[in-house]
Structure formats: structure tokens, C-alpha cells
Amino acid sequence: LHDVTEEEKIEAERREFVANVSHELRTPLTTMRSYLEALAEGAIQDKELAPRFLDVTQNETERMIRLVNDLLKLSKMDSKDYEINKTWVDFVTFFNDIIDRFEMIKESHIVFKRILPKEAIFIQIDEDKLTQVIDNIISNALKYSPEGGRVTFKVKVLDGQIEVSISDQGLGIPKENLERVFERFYRVDKARTRRLGGTGLGLAIAKEMIGAHGGDIWARSVEGKGTTILFTLPYDSEQEDDWS
Ligand code: ADP
């Protein structure tokens with residue numbers, strides 16, 4: 001009996017996922033269709049409207065590409081032969097490099113603060129996958145940051161693991177939604193996040209990737225004050241003894 005219920009649950013989740021994907025693809029497609037129709041019906045001659053309408057169709061195309069890329073990532077992760085390619089890296093340098101890249105492109109009114117260990121922390125990670133995870137968390141923090149907001153990056157060494165956190169001073173996430181933001185296609189405010197260009201898959205992908213590293217990911221938030229996304233990665237502080 002237990003197996004049937006479990007099977008039913010998986011089937012229900014699958015249906016919901018397919019419905020979500022279809023909906024997410026239909027939205028940009030119908031938008032593009034109406035703008036292309038308007039262009040075909042004469043707006044193409046209008047020097048003011050034409051570039052604006054083309055801009056919309058271009059943005060919607062970009063959104064669909066992002067969505068399909070995220071879906072491909074998820075389907076790869078769901079397949080049996082999903083593997084991660086770990087190498088030894090100094091996490092502090094790795095993290096600093098990513099933050100530097102965002103420092104270059106962020107808007108000037110947003111302030112970055114780093115609270116990182118002075119010494120190197122050697123751990124085994126899949127650099128490519130963790131870069132995607134951290135990119136997504138920082139992009140969200142920037143998207144939701146208010147004018148003059150501060151984004152704080154922290155790395156703490158704990159027993160057997162490191163804890164990484166990225167905090168913003170944005171509008172926050174209601175308590176009852178905190179766990180759900182890691183579900184596929186879950187968004188606190190659908191209209192708002194769609195406007196901001198999100199696919200609703202970023203944190204679901206992050207959760208899978210952190211899980212594949214043997215870590216955990218979760219969120220803390222106070223509405224109106226800000227959000228912190230935290231994740232852990234296994235770390236053996238004794239490893240240097242092993243090498244000697
Ligand atoms: P999206 O592509 O929509 O950003 P994510 O999976 O990255 O998808 O995030 C899921 C949802 O979690 C977002 O739509 C948003 O509602 C909420 N969220 C994520 N990060 C933050 C943050 N830093 N501040 C407020 N809300 C956030």
C-alpha cells in the first residue's frame with residue numbers, strides 16, 4: 001500500500017511539473033505571437049513602435065532560452081548517469097573570484113561586504129556547478145535589493161563543514177514560503193519575479209547541486225528586512241595531516 005501512495009505522489013508531481021512547463025512556455029509564446037501579429041499588421045512601418053515590439057519579442061525569446069536551459073540542467077540531474085567532477089580548490093579564492101565578477105556588473109548603489117576567512121580552505125567541489133549555484137543566489141540577492149542595499153557574503157568553518165551565506169536587505173520571503181522557494185517553479189510573487197526575468201528553477205537546481213556535494217541549503221528571512229540563503233559543504237579540517 002505504501003508503494004502505491006509513493007507512486008501516486010510521484011505521478012502527481014510529474015503531472016504538475018509538465019503543466020508548469022507548458023504554462024511557462026506558453027506565456028512567452030503567446031506574448032510573442034501578439035507582438036509579431038501587430039508587426040505584421042502594420043506596426044512594422046511605425047518607427048516608434050517597431051523597435052519596441054521587436055525588443056519585447058527578443059526578451060521573450062531570451063526568457064524561453066533560459067527556461068529551456070534550466071529544464072535541460074534539471075533533466076540531466078534527474079538521469080542516472082549524473083555525475084559531478086570534483087577537484088581540490090581553495091574555496092575562499094573561488095568565492096572571492098565570483099563576488100569580484102558581480103562587483104564589476106552590479107549597480108553602484110548596492111554595497112558588497114565580505115566576511116571571509118583569511119586562510120585558504122581547501123575542499124573538493126565541482127567548480128562549474130557551484131559557480132551556477134552561487135551565481136543564482138547572488139543574482140536573486142541583487143534582484144531583490146533595495147536602493148543602497150547591502151549584500152553580505154560570509155564563510156564560516158564549522159565542525160566537518162563550511163557554511164556559506166549570502167544576505168540581502170530586500171523585501172524578504174514570508175515564513176510560510178521559506179522552504180517552498182526550493183521547489184521547482186515555486187515563486188513567492190509570480191508576476192513580480194516573472195517581470196524580473198526569473199525561471200523559478202534556480203533554487204531548485206541549487207538544491208540538487210548542493211545535495212550532490214553532500215551539503216544542505218536553506219533560507220532565513222525577515223519580511224521587510226531581508227533574506228539570507230545558506231548552504232553547507234563537507235570540509236575536513238584535518239586533511240593537511242592526512243597529506244603529511
Ligand atoms: P527565480 O528564477 O524566480 O528567481 P529561484 O528558484 O531562484 O527562481 O527563486 C524562487 C523564488 O524565491 C523567487 O521567485 C522569489 O520569490 C524567491 N526568492 C529567492 N531569492 C530571494 C531573495 N533574495 N529575496 C526575496 N525573495 C527571493
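In listed order, ligands and their atoms are each counted from 1.
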**OP:** Report the C-alpha distance between Ser167 and Thr228 in whole Å, list the side-chain angles of each, state the deciding distance to 0.1 Å, and finish with yes or no for side-chain hydrogen bond (donor to acceptor under 3.5 Å, both in side chains).
**Re:** CA-CA 4 Å; Ser167 311; Thr228 302; 3.0 Å; yes

Original post:
Does ligand 1 have a heavy atom under 4.0 Å from the side chain of Asn136, from its backbone, from both, or from neither?
Top reply: side chain

**OP:** Return yes if some donor-acceptor pair links the side-chain N/O of Thr27 with the main-chain N/O of Glu24 below 3.5 Å, else return no.
**Re:** no

Original post:
Which side-chain hydrogen bond (donor to acceptor under 3.5 Å, both in side chains) pairs, counting each pair once, include a residue from residues 111-122, with sequence neighbours left out?
Top reply: Asn96-Arg114, Asp100-Arg114, Glu103-Arg114

Original post:
Can you list the ligand 1 atoms lying under 4.0 Å from a non-hydrogen atom of Lys143?
Top reply: 4 (O)

Original post:
Would you call Asp135 and Arg101 a salt bridge, using N to O less than 4.0 angstrom?
Top reply: yes

Original post:
Which of the listed options, Val151, Leu178, Val188, Asn140, holds the heavy atom that is closest to atom 20 (N) of ligand 1?
Top reply: Asn140

Original post:
Is Lys207 atom NZ crowded by more than 12 heavy atoms from other residues, nucleotides or ligands, each under 6.0 Å away?
Top reply: no

Subject >> Gly172 versus Thr227, closest heavy-atom pair with distance >> reply: CA-OG1, 3.3 Å

Original post:
Counting each atom of ligand 1 from 1 as listed, which ones have a heavy atom of Gly198 under 4.0 Å away?
Top reply: 1 (P), 2 (O), 3 (O)

Subject >> Nearest neighbour of atom 2 (O) of ligand 1 from the list Thr199, Leu201, Leu171, on a heavy-atom basis >> reply: Thr199

**OP:** Report, in ascending order of atom number, the atoms of ligand 1 lying under 4.0 Å from any heavy atom of Tyr186.
**Re:** 10 (C), 11 (C)

Original post:
Between Leu203 and ligand 1, which residue portion shows a heavy-atom distance shorter than 4.0 Å: side chain, backbone, both, or neither?
Top reply: both

Original post:
If we ignore angles and hydrogens, is there a donor and acceptor under 3.5 Å between the side chains of Ser145 and Asp168?
Top reply: no

Original post:
Hey, is ligand 1 close enough to Ala204 that some N/O pair sits below 3.5 Å?
Top reply: no

**OP:** Mind checking side-chain contact (heavy atoms from CB on, under 4.5 Å) for Thr57 and listing every partner two or more places apart, or none if nothing turns up?
**Re:** Met32, Tyr35, Leu36, Leu54

Original post:
Gly200 heavy atoms, cut-off 4.0 Å: which ligand 1 atoms fall inside?
Top reply: 1 (P), 2 (O), 3 (O), 6 (O), 8 (O)

Original post:
Which atoms of ligand 1 sit under 4.0 Å from any heavy atom of Ile173?
Top reply: 18 (N), 25 (C), 26 (N), 27 (C)

**OP:** Classify the contact between Ile229 and ligand 1 as side chain, backbone, both or neither, using a heavy-atom distance cut-off of under 4.0 Å.
**Re:** neither

